[in-house]
Amino acid sequence: PDRLSFIVLASERDLWAPVAERFGKAHGVRVEMVEGPNATDLRESMYTTSLLAGDDSLDVVYMDVTWTSKFAAAGWLLTLDDVFRPEELSALLPQALDAGRYRGHLYRIPVRSDVGVLYYRRDLLDASGIAPPETFGDLVAAARRLQSPPDRWGFVWQGSQYEGLTCVFLEILRGAGGFWVDPDSLEVGLDRREAVAALEFLRRSRAVDAISPPGVTSLKEDDSRRVFQDGRAVFLLNWPYVWRLAQGDDSRVAGKIGVSAVPHAPGRQGGGTLGGWGFGISRFSRNPALAAQFIREAVSLESQRALCLTSGYAPARVEAYRDPRLLASNPLLPEIFELHLNAVTRPAIPGYALASDILQRHVSACLAGLATAESALSNAAKETRLLLGRSR
Ligand code: GLC
């Protein structure tokens with residue numbers, strides 16, 4: 001029989017199973033899920049290796065929001081311009097849908113969204129009469145007041161050298177009023193004073209204000225979620241999926257947490273990083289029409305429910321944010337929807353992975369005390385300009 005396959009996280013197999021099964025039965029096909037590594041950077045390499053070789057074994061490309069330009073520019077994806085009707089597209093979150101376009105063509109349909117948010121311990125803040133922080137200064141003050149290290153730290157985030165660090169730096173950068181790369185002019189903002197202030201904020205959190213644990217530089221999303229869920233942090237930067245898990249039986253903070261926008265410098269506007277995952281169709285697929293049907297199925301309300309109910313993922317479909325069944329299990333949805341409106345996007349450039357790698361290396365060096373924020377970012381800016389100059 002026909003088959004369709006794509007790469008998933010080990011933890012996503014159960015989420016996708018009902019969608020895959022229903023689709024498989026209805027269309028007489030086998031939907032295969034190939035397990036990939038957790039980090040987005042590593043899954044990108046896995047797809048890249050396969051697509052470079054013209055391999056036809058992966059039909060559906062399950063892509064991070066940042067992969068579109070590279071994969072489209074390389075010619076690895078079919079355009080979806082004539083595959084989906086306008087009313088099908090307008091049912092999806094506009095921010096998430098836009099991330100699927102490259103040079104005016106559509107290559108990726110979002111199936112779940114993500115936006116960086118600040119989690120806080122509502123019980124601790126309430127007990128001290130402290131409001132959720134709006135500015136970086138509020139955050140530091142509240143963290144210092146409510147922490148009791150080493151048992152409970154003030155502020156936890158993703159400091160490990162990987163894509164998650166780029167996401168954290170970017171939302172702090174946005175709050176400081178700076179920018180990374182302007183996708184249209186290719187101007188680089190990393191050596192401006194706002195960017196230096198952003199990196200200084202992260203460095204100081206750990207090394208000076210001592211609100212972040214020394215080990216924050218080895219935390220990824222799920223490690224930091226554990227710290228928060230075990231009651232060992234007051235504030236956490238992370239994605240929406242944390243909320244649902246933090247209400248679970250093995251959580252020490254169930255019923256005690258709140259969510260707000262990522263803080264900012266006085267007079268600036270904050271915004272979380274836009275994340276999320278979507279489906280493209282490999283141009284080497286032998287079943288592109290079937291792959292398109294599968295994508296359609298994945299964004300149906302029924303599938304969005306199956307996918308988001310148990311995972312706490314933010315849906316890609318707008319009406320899912322008003323769905324009574326999803327709302328009953330995740331009352332945060334309206335807030336997450338709102339937070340999308342100010343989300344900051346990573347630059348949609350074909351060299352994205354390289355640009356992010358440059359940023360990750362220099363930000364890490366500064367956090368590790370090997371470079372000042374100013375010299376780290378001046379080097380990052382130089383390398384980024386070289387990279388972009390070459391790609392022009
Ligand atoms: C989440 C986001 C994705 C981001 C990644 C970074 O999976 O959805 O966009 O690149 O985290 O670790």
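Every number for a ligand or one of its atoms is a count from 1 in the order of the listing. We count residues from 1, following the sequence as given.
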Can you confirm whether more than 12 heavy atoms, excluding those of D250, are under 6.0 Å from its CG atom? yes

Residues in side chain to side chain donor-acceptor pair (under 3.5 Å) contact with S356, at least two apart in sequence or another chain: E163, T166, Q360

Taking non-hydrogen atoms within less than 4.0 Å of ligand 1, which protein residues qualify? T40, D64, V65, D114, Y162, E163, G164, E221, W239, G275, G276, W277, R346

Identify, with sequence neighbours excluded, every residue that meets ring pair (Phe, Tyr, Trp, His ring centres under 6.0 Å) alongside W277. Y62, W67

Considering residues at least two apart in sequence or located in another chain, which fulfil the ring pair (Phe, Tyr, Trp, His ring centres under 6.0 Å) criterion with F201? F136

Describe, in one word, how the ring planes of Y107 and H105 are oriented to each other, choosing from parallel (under 30°), tilted (30 to 60°) and perpendicular (over 60°). perpendicular

salt_bridge(R192, E194) N-O dist < 4.0 Å: no

